[in-house]
Amino acid sequence: QVQLVESGGGLVQTGGSLRLSCAASGRTSSTNVMGWFRQAPGKEREFVATITWRGDSKYYADSVKGRFTISTDNGKTTVYLQMNSLKPEDTAVYYCAARRGSVIAITTRNYDYWGQGTQVTVSS
C-alpha cells in the first residue's frame with residue numbers, strides 16, 4: 001500500500017501563489033507516476049498535472065499551463081505543485097495521486113492511490 005498526504009493549501013488572493021506538497025510513504029517503489037487533480041464543488045474531479053518520479057516526463061492541463069509547475073524530490077517521497085498567478089476558478093480541493101503504470105496519465109481511473117486532499121481557495 002501507498003499512503004499520500006497533501007499539505008500547503010489555504011486561502012490566497014487572486015494573483016497569489018501557493019505550494020502544495022504531497023508526502024508519499026509505504027510501498028512507493030511500486031509507483032512510477034504522480035499526479036495532481038482537483039475537484040470544485042458540484043464538479044467532477046479533473047486533471048491538473050502529472051510527472052514521473054524521475055521527473056523526465058510532465059504534462060499539464062491547458063487551464064494551468066504556464067502558471068503551475070509540478071516537481072518531485074527524485075526520491076519517491078515528495079511531489080510538489082507550485083501554483084502561481086492563482087485565479088478564483090482554481091478554487092478546489094486538490095488531490096495527490098500515485099500510479100503504478102510507467103506512463104504519465106490524465107484520467108482518474110489510471111491512478112491507484114489517492115490522498116485525502118487539501119483545500120485551495122482563491123478570493124477575488
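Quick note: residue numbers are just sequence positions, from 1. Here the structure is a predicted model, which means the values were calculated and not measured.
Between the side chain of N110 and the backbone N or O of A105, no donor-acceptor pair lies under 3.5 Å. Judged by distance alone, with hydrogens and angles left aside, the side-chain atoms of R27 form no donor-acceptor pair with the main-chain N or O of Q1 at under 3.5 Å. T50 places no side-chain N or O within 3.5 Å of a backbone atom of G35 that could act as its donor or acceptor partner. Using modelled atom types, no side-chain atom of Q39 and backbone atom of A92 make a donor-acceptor pair closer than 3.5 Å.
Between Y94 atom OH and R38 atom CZ the span is 4.0 Å, to the nearest 0.5 Å. Between the OG1 atom in T69 and the OH atom in Y80 there is a gap of 14.0 Å [rounded to 0.5 Å]. Going from atom CG of D90 over to atom CG of L86 covers 5.0 Å, rounded to the nearest 0.5 Å. For the atom pair OG1 of T78 and CE of M34, the computed distance is 9.0 Å after rounding to the nearest 0.5 Å.
Y95 and I70 sit in two unconnected hydrophobic clusters of ILVMFWY residues. Membership requires side-chain heavy atoms under 4.5 Å apart, directly or through other members.
Less than 6.0 angstrom separates the ring centroid of F37 from the ring centroid of W114.
Looking only at side-chain heavy atoms (C-beta outward), V79 and I51 come within less than 4.5 Å of each other. Between Q82 and F68, the closest side-chain pair of non-hydrogen atoms is not below 4.5 Å. Between W36 and F47, every side-chain heavy-atom pair lies at or beyond the 4.5 Å cut-off. Side-chain atoms of V48 and L81, non-hydrogen and from C-beta on, do get closer than 4.5 Å to each other. Inter-residue side-chain proximity for T91 and E89 is flagged as unmet; no heavy-atom pair is nearer than 4.5 Å. T52 places none of its side-chain heavy atoms less than 4.5 Å from the side chain of N32. Using a 4.5 Å heavy-atom threshold, the side chains of V120 and M83 count as touching.
Contact detail for S30 and Y113: the closest heavy-atom pair is OG-OH, 4.5 Å. When all heavy atoms of C96 and E6 are compared, the closest pair comes out as N-OE2, 2.8 Å.
A donor and an acceptor atom, one from each side chain of W53 and T31, are located under 3.5 Å apart.
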Distance-only donor-acceptor pairs under 3.5 Å for side chains of residues 14-23, two or more places apart:
unit_1	atom_1	unit_2	atom_2	d
T14	OG1	S123	O	2.7
S17	OG	N84	OD1	2.9

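A salt bridge does not link D112 with R99: every distance from a Lys NZ or Arg NE/NH1/NH2 to an Asp or Glu carboxylate oxygen is 4.0 Å or more. A salt bridge links K65 to D62: one of the charged nitrogens lies within less than 4.0 Å of a carboxylate oxygen.
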